[in-house]
Undergrad: 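Quick one: this structure, given as structure tokens, is what I'll be asking you about.
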Amino acid sequence: MDIRELLRTDLMIMDLKAQTKAEVIDEMVHNLFEKGVIKDEEAYKKDIIKREEEGSTGMGDGIAIPHAHNEAVNEPAVMFAKSEAGVDYDSLDGQPAHLFFMIAAPEGGDNTHLQALAALSQVLMNPDVTSALKSADTPEKVQAIFADAVARKEAENKAQEEAEKQADNAPASDRPYIVAVTACPNGIAHTYMAEENLKKAAEKLGVDIKVETNGSEGVKHLLSDSEIARAKGVVIAADKKVAMARFNGKQLISKPVTSAIKNPEELIQTILDGKAPAYKAEAGEEESSSASSNDTVWGSIYKQLMNGISHMLPFVIGGGILMAISFIVEQYMGGAKSPAFIFLNNAGNMAFAFMVPVLAGYIAEAIGDQPALMPGFVGGFMATVYSSSFGGAYTANVMSDAKSAAGFLGGIAAGFIAGHMMNGLKKLCKNLPKSVEGMKPMLIYPILGLLFIALIMYFIVNPIFSTINVWITNFLNHLGTGNAVLLSLILAGMMSIDMGGPFNKAAYVFASGAFANDPHSTAAAGLMAAVMVGGMVPPFATALATVLFPKKFTEQERRAGVSNWVLGFSFISEGAIPFATADPGHVIPSCIVGSAVSGALIGLWHVSVPAPHGGFWVTPLANNPLGYILAVVIGTIVAGLILGFWRKDADEK
């Protein structure tokens, strides 16, 4: 399929009116619908937004490529749009996007159009092409620029394939040789842009490279055993599972696909400097393994923990808020016997009961894949129970009745233990006869996994963590004002360090874990109030600063500041990330100070909010609503003024 058939002139918008990311998507999707490319506007837009939530398609250098496979697409097409002013599209480099390519691919689209889309993505990495597109003033010129660029790129690819075929028979080159794999969930754009940037970086560094792509059209340029064997190292830039066992023993660096788009030279240089660790294939990894995490131990642990937390949060938020609302009903609408209270409280408790098992299950799944899911769930459930009846009393310690469950921390331990235990079982079963291969997932893993996690939880984890849990609960319940102020100050300040990153999540996990262990505890509800005010200050502070000090911010930043009022109200710290990315030296310290002030006031005034999320929406649940609001307002003013006075005028930066 010729690129001119996909990049249709009748679809192009040469003067995009949209001023925000959401407006860009709306305008472009509506145009596709009006021109008959898609039959269901809402269904297609839903998938476009879903793809953006997985990671922005703002590729940097002024380019954005929103795309989706969708059954609502009648025919494959690429829609071009240009914005002279530029739009904040959450791009990788933090700069406005001017050139937009919306790729509409039908569900199960044929291989021909997928190849054309791959070629389209590759040529966008050519700065000469993007420069020409920015100057083009008619749809015909845009189409001609791409037709010429794609033709030249296809010729280069063909020449490269011929060179690769002859490489095994050619004498060894003096240049270093590495191999790479690029892959993303949709496999339409990121996969091939990462490939192109790795090739350019390799040429710049004097390195020979072969890149295997795992996109929508399948695996292309498959790495052979001989190529892997002679490579100095391996670069994996992937957000989906790729075959990994073949790289056993090779120096390997594994990063998300956007890293190869944004920092390809850094990845290659890490291999050349010998700083990447040797990859060790785990038992049971013959088929595939995730390749999107960092290779460091702490990077892996963080990813595994976040996998559990991301699945747990809906249970925490939904259950916690319904329980909190039930307390208001109990107080003002009929007491503990009110049908409304009983219904809401039971619904919240049911969701809350799944919290720790889900957390443990998905931590385990991130480590040991699907076979580890069941042992993780069971281990998490055992961490929440201290007396029950399974043909007798179930206790945390076989010698005596436990006074408390192992709780949230015990559930985290259960998840990591179950995941690594399952990997150990896979290793033990690796050399079993092929005749019993089918028994492993259906019989051996479930039975032994359940048996071992039950023994470990019953005799080791629950006795230890139930004791720790009791100590933490007692510590929180007996905090003096001074200690409460200090703890609240630290937790709230951590919420602003990275605004959604490891520090932010660590503070939130600590507070929500204490709250999960005892939702009725005023001390635990106080920690939830502290992390919420700490998370609301950054978006509020950046919004306030843009109003009080407009000359210190660009027009684009001032527009973003308006939306941050809403994001702050809803406890969405990420609204401040664009500001922090553009100017971390001023924004982050200012927000940390403001958040810490808010947290200290929460501890000083003994404010508590028995809800794990919601921002100002849950103010009626606070024991001191005025104190809750004032803590945020004062912290916001402090942070906003520091940022405004400290930062230089926009034209000086």
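These figures come from a predicted structure and were not determined experimentally.
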Undergrad: With side chains defined as the heavy atoms from C-beta onward, is the minimum distance between F571 and V618 less than 4.5 Å?
TA: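 No - every pair of side-chain heavy atoms lies 4.5 Å or more apart.
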Undergrad: Does N623 use its side chain to pair, donor to acceptor, with the backbone of S608 at less than 3.5 Å?
TA: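 A pair under 3.5 Å: yes.
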Undergrad: With no hydrogens and no angle check, is any side-chain donor or acceptor of S595 less than 3.5 Å from a backbone partner on C591?
TA: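 Flag set: sc S595 to bb C591 pair under 3.5 Å.
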Undergrad: Please find the pair of heavy atoms, one from S598 and one from A631, that lie closest to each other, and give the distance.
TA: OG-O, 2.6 Å
Undergrad: Heavy atoms, side chains only, cut-off 4.5 Å: are M532 and F616 in contact?
TA: no
Undergrad: Under the 3.5 angstrom rule, does the side chain of H67 hit a backbone N or O of I65 as a donor-acceptor pair?
TA: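 At least one qualifying donor-acceptor pair exists.
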Undergrad: Roughly how far apart are S91 OG and K262 NZ, rounded to 0.5 Å?
TA: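 So the gap between those two atoms works out to 10.0 Å.
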Undergrad: Quick one: closest heavy-atom pair of N564 and A543, and the distance?
TA: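 Taking every non-hydrogen atom into account, CB-CB, 3.9 Å.
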Undergrad: Are Y89 and E52 close enough that some pair of their side-chain heavy atoms sits under 4.5 Å apart?
TA: yes
Undergrad: Do you know which two heavy atoms are closest between P539 and I572, and how far apart they sit?
TA: CG-O, 3.7 Å
Undergrad: Heavy-atom distance under 4.5 Å between the side chains of T191 and N214, does that happen here?
TA: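 SC-SC contact between T191 and N214 ruled out.
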Undergrad: Looking at S570 and L567, would you say the former's side chain and the latter's main chain have a donor-acceptor pair under 3.5 Å?
TA: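 Such a contact is absent between S570 side chain and L567 backbone.
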Undergrad: Short question: side chain of N423, backbone of I367 - any donor-acceptor pair under 3.5 Å?
TA: yes
Undergrad: Can you tell me how far apart OG1 (T619) and OH (Y628) are? Round to the nearest 0.5 Å.
TA: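 That separation rounds to 5.5 Å.
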Undergrad: For the CG atom of L491 and the CD1 atom of I602, what is their distance to the nearest 0.5 Å?
TA: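 Nearest 0.5 Å value for the CG-CD1 distance: 12.0 Å.
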Undergrad: Carefully, step by step, assess M102 and V24 under the rule side-chain contact (heavy atoms from CB on, under 4.5 Å).
TA: CA-CA 10 Å; M102 182 167 281; V24 168; 6.0 Å; no
Undergrad: Check whether the side chains of T182 and E212 place a donor and an acceptor atom closer than 3.5 Å, and report yes or no.
TA: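 No, no side-chain donor-acceptor contact under 3.5 Å.
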Undergrad: State, with a plain yes or no, whether a side-chain heavy atom of C429 is found less than 4.5 Å away from one of I444.
TA: yes
Undergrad: Search all heavy atoms of M421 against all heavy atoms of G449 and return the closest pair with its distance.
TA: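 Nearest heavy atoms, M421 then G449: CE-O, 3.4 Å.
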Undergrad: Working to the nearest 0.5 Å, report the span between CE of M422 and CD1 of I417.
TA: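 The CD1 atom of I417 is 13.5 Å from CE of M422, to the nearest 0.5 Å.
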Undergrad: Going by atom type alone, with no hydrogens or angles, which donor-acceptor pairs under 3.5 Å involve a side-chain atom of residues 351-365 and a protein atom two or more places apart or on another chain?
TA:
unit_1	atom_1	unit_2	atom_2	d
E365	OE1	N307	ND2	3.3

Undergrad: I'd like to check K21 versus D88 (side-chain heavy atoms, cut-off strictly below 4.5 Å). Are they in contact?
TA: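 Side-chain contact under 4.5 Å: no.
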Undergrad: Atom OH in Y458, atom CD1 in I453: separation rounded to 0.5 Å?
TA: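 The CD1 atom of I453 is 15.0 Å from OH of Y458, to the nearest 0.5 Å.
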Undergrad: Testing the basics here: between S496 and I588, what is the closest heavy-atom pair and its distance to 0.1 Å?
TA: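 Scanning both residues, the minimum pair turns out to be O-CG2, 3.9 Å.
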Undergrad: Ring centroids only, cut at 6.0 angstrom: are Y279 and F247 within range, meaning strictly under it?
TA: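 Between Y279 and F247, the centre distance exceeds or equals 6.0 Å.
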Undergrad: Judged by modelled atom types alone, do S56 and D90 share a side-chain donor-acceptor pair under 3.5 Å?
TA: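 No, because no side-chain N or O of S56 sits under 3.5 Å from a partner of the opposite role on D90.
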Undergrad: Working note: V461 + M382, criterion side-chain contact (heavy atoms from CB on, under 4.5 Å); need CA distance, chi angles, decisive distance, verdict.
TA: CA-CA 10 Å; V461 173; M382 293 178 75; over 6 Å; no
Undergrad: Find out whether M457 and L455 are in side-chain contact, i.e. whether some heavy atom of one side chain is under 4.5 Å from a heavy atom of the other.
TA: no
Undergrad: Using 0.5 Å steps for rounding, measure from the CD1 atom of I490 to the CZ atom of F510.
TA: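 Between atom CD1 of I490 and atom CZ of F510 there are 10.0 Å.
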Undergrad: Taking it one step at a time, do I236 and I253 satisfy side-chain contact (heavy atoms from CB on, under 4.5 Å)?
TA: CA-CA 6 Å; I236 303 292; I253 182 170; over 6 Å; no
Undergrad: Tell me whether D40 contacts the main-chain N or O of E42 through its side chain, where contact means a donor paired with an acceptor under 3.5 Å.
TA: yes
Undergrad: Does the side chain of P66 come within less than 4.5 Å of R51's, by heavy atoms?
TA: no
Undergrad: Between S259 (side chain only) and K255 (backbone N and O only), is there a donor and an acceptor less than 3.5 Å apart?
TA: no
Undergrad: Could you tell me which non-hydrogen atom of P538 sits nearest to which non-hydrogen atom of G534, and how far apart they are?
TA: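 That would be CD-O, 3.2 Å.
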